[in-house]
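We name chains A, B, ... by the order of the sequence lines, and we start the count at 1 in each one.
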Amino acid sequence: MDYNFNEIEPKWQNYWREQHTYRCSNNSDKPHFYVLDMFPYPSGAGLHVGHPLGYIASDIFARYKRLRGFNVLHPMGYDAYGLPAEQYAIQTGQHPAITTEVNIARYREQLDKIGFSFDWEREVRTCDPEYYRWTQWTFIQLFNHYYDTDLDKAMPISHLISKLEKGEVDTNTEKSWADMSEEERQDYLMNFRLAYLADIPVNWCPELGTVLANDEVVNGLSVRGGHPVERKLMRQWSLRITAYAQRLVDGLNDVDWTDSLKEIQRNWIGRSEGASVWFPLASNYKSHAIPGAAEYVGQLNSDPVPSFEIFTTRPDTIFGVTFMVLCPEHEMISQITTPEQKAEVEQYVSWAKNRSERERQSEVKSVSGVFTGAFAVNPLTGEQIPIWVSEYVLAGYGTGAIMAVPAHDSRDFAFARHFNLPIRQVVALDPNDITDPATWTESIDAKTGFAVNSGFVTGMKCKDAMKAVINKIEEMGIGSRTVNFRLRDAIFSRQRYWGEPFPVYYKNNRPYTLPEDCLPLQLPEITDFKPTATGEPPLGHATCWAWNEQTRQVVDNALIDNVHVFPLELSTMPGFAGSSGYYLRYMDPRNNEAYFSKQAVGYWQNVDLYVGGAEHGTGHLIYSRFWNKFLFDLGIAVKQEPFQKLVNQGMIQGRSNFVYRSKSDNTLFISKNIPGRAENTVPIHVDINIVNNDILDIEKFRQWRPEFAEARFELEEGKYVCGWEIEKMSKSMFNVQNPDDLVARYGADTLRLYEMFLGPVEQAKPWDTNGIEGVFRFLKKFWKLAESRTDAPADKPALKILHQTIKKITDDIERFSFNTSVSTFMICVNDLSALGACSSQVLEQLAILMAPFAPHIAEEVYHQLGHDTSVCDAQWPEFDASLLVQDSFKYPVSFNGKMRLTLELPNGISQEEAIAAVKADALAQKWLDGKEPKRVVFVPNKIINIVL
RNA sequence: GCGGAUAUGGCGUAAUUGGUAGCCGCGCUAGACUUAGGAUCUAGUGGCGAGAGCCGUGGGGGUUCGAGUCCCCCUAUCCGCACCA
């Protein structure tokens, strides 16, 4: 009988479904293992072959762990909220809930065909009220907590209030806590809540009608759709993720991720150590040089002079400061600008503020700025330095003000050159080598070298000078050692419809959260999804979107009286809200009392293996870690880090095919390698489904499109050879490979094996079906081998092959090296086939080894051997080294196909004699069934390699 | 500019982690079977050479008895961040 995958695969898929083979329990004596995939966003396009790559890898690992006796949690779900569904709704008028449902059904169908071992009873969808109830719940907790820097964890806001009431902390504002009104107190607390409402500059995308998080904007364009993004001041919800910046950096040391991904996160968080220093304004009436620092401090204490806080990573260069620069948004600009400069400064500031992000970024190299007319005082030298405004100083980083050291910062250098400001060298690689900065072509930015021209730190190494300067400014009370982060708070509002509603209503224009037991706050039905250009969200169209505080119900907007009935928040949460904690919900997905039970999280702890794309490095993977750490602080999550080991599957690119149409004749197509083809033709994308191994199926091509019906061809050796190129997988390039087509043609097992065979999981690679036949052939050989089985006990050569395979496959899986596993299986089956009929005993073990990779055929063979339980419940074969090596070995051996022995050799023996002695010994001791070793290599440190 | 990674036959890749480079597969060549083959099987396939042999892991140095693997310097490609003080 032929290998009929079309019959085998549905049969076992049904069997697994009916037997609940992949159902997994939270109560088990077995050790636990949690294997997670990044759940997909169910787009209208369906799955392409890139999606399952990671799923197949994780499925192999999950199945392997199960065969090794672990209780494995391997769930799947859908990240179902998001912009595309809503965009589609706007275009077609279809409700996103419906299109999402349709898309999910299609995804499920595609996933089922590939034979994954997901426990579908644990499926979650972020748009399901029973799921987003806990997203909303977490939001309320974030709102009701603040970050206590002393305890270094999130604490209830009530804890802060009681500290304020007892006067244990100072408000650092004009009014004390006791003197504040209720509104003032609420406004004050908003500065501490981990979810807070504030007027902040946001990435506003007019085209999408929403604000976007930093990771959703690239080069001033939205990631979704590529629309321009502007900076705009808006009242928005944000998450105070910056409070966790240090812990997010530290936690990276405790997880088993690739260095490159850790580095991406470290860069994104952007921790830098330095100092913050206060530079006072030189008052106009004392515009003479201030004689000395000591005197200046006295003045600062008695008579508060307006001053600027700056952040620098190079306090050692403070003696080289020759000007200051403020960002155009700096609040003190209008206050300090002199009347003469006023017009010019105002003009510059309004010009700078109205530029889009894209304009700013595209002109990074150009220098612009304006002098305010005001001067500040360098607190260490007493010198007066001019204060400038320039957009090269960013409002969002540090304090929005810098001390400029043109000699040792390339940006300051460019600015000084452009505006002819003085440049003073204060660092030199060699203290005796001081040159005139006027002759320089670039600044000396390196942190190595010695301080020069630098008062009391002159002659010190840069590092020592940094410490000395910081100590000095701390002593003077004008600054301190500071750590700054590039990471910014995550903007959490989206002016969209298809997302989680905020459990928030507004009383007296201030936000209040809904009671927890009123959750979920369900997304209302509306018919008009369009956002407005002014930023009014689609939920503004909802007619029943008000909160009655007394009845604790959502009621009609008409009832709003601002006494008992209040308006609800109109924004919705961003995409990352639902995906930030989904891995925890899988542990206990049907719990109606809690996010997940203590028992469940106590059992599963966290994700042992997470597989997904590195493109989430600065988005989901940061937000999730933050979310988890917050829940950890609440005592709900039990591990600081959510994802212990993380494997990034490489992106699968498309491999496009081209036909070459003659420039002079529109119906003539010339094969790729015909001389002169390049000059006389234009390449045209052709659907990869009508090309096989770069050979065009001419008939299918003629049928493909009406304009090719009359196509004529200039062939080479009777074939039309297409060109190819690696491009992004995209519909418009006709290079999208749908997994369903391959499953229909070769079966799921072949697809699974082939996706692994393509190369290392982590590596980016083009999709290319050229080798799939080889894998298919292998499965057919395996099928034939299974049919040829005998009940005779296994002989030694067969056992040897089997145990070599057990060893190799086990090692490969542990190393996540699945491409080599497939090769190993091929060798194994070839070798066994060469021996003739295969013993059932060997075949059974081989079926178990193959079960993680090709579960359908493995299940079929396993059952044919007389089992009536699933191969999933079998036990992983134990490697028996004694089958490979003779017992009579008298030397320590490590076996891997080659052997390495350590020998004590007598003095004076030559290499040749030693080798001959080992060979003779091998023969005498029958190490290798009486055969002489293939190769013996003598190495000076008494190690000998023996190759079988 | 900063950071990370990669580089091996015509192609995808492998190499027990310092031990005969090129396993396995694709493709290609020859042959067998076949009415036929997008089926199956056998043999061959890094380069040069008739041959023994010589040369070969992006380039150049180095360490070592021995280097694809370790160290230094280049080059190319990919990815992330980018006026982050």
Practice prompt. Taking only the side-chain heavy atoms of A:Asn267 (C-beta and beyond), determine which of B:G3, B:G4, B:A85 contains the nearest atom.
Written response: B:G3
Practice prompt. Please report, rounded to the nearest Å, how far the C1' atom of B:G12 is from the CG atom of A:Leu53.
Written response: 14 Å
Discussion item. Give me the distance, rounded to whole Å, that separates B:U75 from B:G60 when you measure between the C1' atoms they each carry.
Written reply: 10 Å
Fill in: Atom P, compared across B:U64 and B:C28: separation rounded to whole Å
48 Å
Item to complete: Determine the contact category for A:Ile264: base if any of its heavy atoms lies under 4.0 Å from a base atom, sugar-phosphate if only primed atoms, P, OP1 or OP2 are that close, otherwise nothing.
Response: sugar-phosphate
Worksheet item: Applying a 3.5 Å limit to both distances, which nucleotide forms a Watson-Crick or G-U wobble pair with B:U63?
Response: none
Practice prompt. Report the distance from atom CD1 of A:Ile269 to atom P of B:A82, rounded to the nearest whole Å.
Written response: 14 Å
Item to complete: Assess whether ring pair (Phe, Tyr, Trp, His ring centres under 6.0 Å) is satisfied between A:Phe485 and A:Trp268, documenting all intermediate values.
Response: CA-CA 9 Å; A:Phe485 294 94; A:Trp268 185 260; over 10 Å; no
Discussion item. Would you say the ring centers of A:Tyr746 and A:Phe776 fall short of 6.0 Å from each other?
Written reply: yes
Worksheet item: Counting N and O atoms only, with roles assigned by atom type, does the side chain of A:Thr312 sit under 3.5 Å from a partner on the main chain of A:Arg314, one being a donor and the other an acceptor?
Response: yes
Practice prompt. Would you please indicate yes or no on a ring centroid separation below 6.0 angstrom for A:Trp388 and A:Phe419?
Written response: yes
Discussion item. Taking any heavy-atom pair under 4.0 Å as a contact, classify A:Lys781: base, sugar-phosphate, or nothing.
Written reply: sugar-phosphate
Response to the item:
Checking B:G25, B:A85, B:A14 against the side chain of A:Phe757 (C-beta onward), the nearest is B:G25
Item to complete: Could you check whether A:Arg815 gets within reach of a base, just the sugar-phosphate, or nothing at all, counting any heavy atom under 4.0 Å?
Response: base
Discussion item. From the set B:C24, B:A85, B:C81, return the single nucleotide nearest to any side-chain atom of A:Val393.
Written reply: B:A85
Item to complete: Answer with base, sugar-phosphate or nothing: what part of the nucleic acid does A:Ile827 contact at a heavy-atom distance below 4.0 Å?
Response: sugar-phosphate
Worksheet item: Taking a pair as Watson-Crick or G-U wobble with both distances under 3.5 Å, which nucleotide is matched to B:G3?
Response: B:C79
Discussion item. Pairing check on B:G37: which nucleotide meets the Watson-Crick or G-U wobble criteria with it, both distances under 3.5 Å?
Written reply: none
Worksheet item: Using the C1' atom in both, what is the distance from B:U20 to B:A67, to the nearest Å?
Response: 14 Å
Worksheet item: Mind checking who B:A52 pairs with, Watson-Crick or G-U wobble, both distances under 3.5 Å?
Response: none
Worksheet item: A:Asp409 has a side chain; which of B:C83, B:G12, B:A85 sits nearest to it?
Response: B:A85
Fill in: Whole-Å gap separating C1' (B:A82) and CZ (A:Arg488)
12 Å
Worksheet item: A:Pro760 side chain: which of B:G3, B:G25, B:A14 is closest?
Response: B:A14
Response to the item:
Assert: residue with more 5' nearest nucleotide on RNA chain B, out of A:Gly270 and A:Val822, is A:Val822
Worksheet item: Can A:Lys808 and A:Asp811 be counted as an ion pair, charged N to O under 4.0 angstrom?
Response: no
Discussion item. In this structure, how many angstroms lie between the C1' atom of B:A85 and the OH atom of A:Tyr397, rounded?
Written reply: 7 Å
Practice prompt. Would you kindly give the CH2-to-P distance between A:Trp268 and B:G80, to the nearest whole Å?
Written response: 12 Å
Item to complete: Rounded off to whole Å, could you give me the CZ-to-P distance for the A:Arg266 and B:C81 pair?
Response: 17 Å
Fill in: B:U17: syn or anti, per glycosidic angle within 90° of 0
syn
Practice prompt. For A:Val405, report the nucleic acid contact type (base, sugar-phosphate, nothing); a contact means any heavy atom under 4.0 Å.
Written response: nothing
Discussion item. Looking at B:A21, which nucleotide sits across from it as a Watson-Crick or G-U wobble partner, both distances under 3.5 angstrom, or is there none?
Written reply: none
Discussion item. On the nucleotide B:U40, are OP1 or OP2 found under 4.0 Å from the side-chain N or O atoms that A:Arg777 carries?
Written reply: yes
Fill in: Between B:G68 and B:G62 - P atom distance, rounded Å
15 Å
Worksheet item: When you check the phosphate oxygens OP1 and OP2 of B:A5, does a side-chain N or O of A:Asn648 lie under 4.0 Å from one of them?
Response: no
Discussion item. If the glycosidic angle sits within 90 degrees of zero it is syn, else anti. Tell me which applies to B:G53.
Written reply: anti
Worksheet item: Between A:Lys780 and B:U40, is there a side-chain N or O to OP1/OP2 distance below 4.0 Å?
Response: yes
Worksheet item: OP1, OP2 of B:A5 versus side-chain N and O of A:Thr258: anything below 4.0 Å?
Response: no
Discussion item. Tell me the interatomic distance from A:Glu773, atom CD, to B:C28, atom P, rounded to whole angstroms.
Written reply: 12 Å
Discussion item. Between A:Lys784 and A:Glu787, does any NZ, NE, NH1 or NH2 come within less than 4.0 Å of an OD or OE carboxylate oxygen?
Written reply: no
Worksheet item: Base, sugar-phosphate alone, or nothing: which one does A:Pro766 contact when heavy atoms must sit under 4.0 Å apart?
Response: nothing
Discussion item. Base, sugar-phosphate or nothing for A:Asn484? Non-hydrogen atoms, less than 4.0 Å.
Written reply: nothing
Discussion item. Between B:C26 and B:A36, how far apart are the two C1' atoms, rounded to whole Å?
Written reply: 25 Å
Worksheet item: Using the C1' atom in both, what is the distance from B:U63 to B:C70, to the nearest Å?
Response: 8 Å
Worksheet item: Just how far, in rounded Å, is P of B:A7 from CD of A:Gln763?
Response: 8 Å
Practice prompt. Compare the minimum distances between each of B:A14, B:C81, B:A85 and the side chain of A:Phe311, then state the nucleotide with the smallest one.
Written response: B:A85
Discussion item. Could you check, using the six-membered ring where one of them is a Trp, whether A:Trp783 and A:Phe5 have ring centers closer than 6.0 angstrom?
Written reply: no
Worksheet item: Hey, what's the ring geometry for A:Tyr392 with A:Phe415, parallel, tilted or perpendicular (30° and 60° as the breaks)?
Response: tilted
Worksheet entry | Nucleotide forming a Watson-Crick or wobble pair with B:U29, both distances under 3.5 Å | B:A43
Practice prompt. For B:U34 versus B:G38, give the span between their C1' atoms, rounded off to a whole number of Å.
Written response: 15 Å
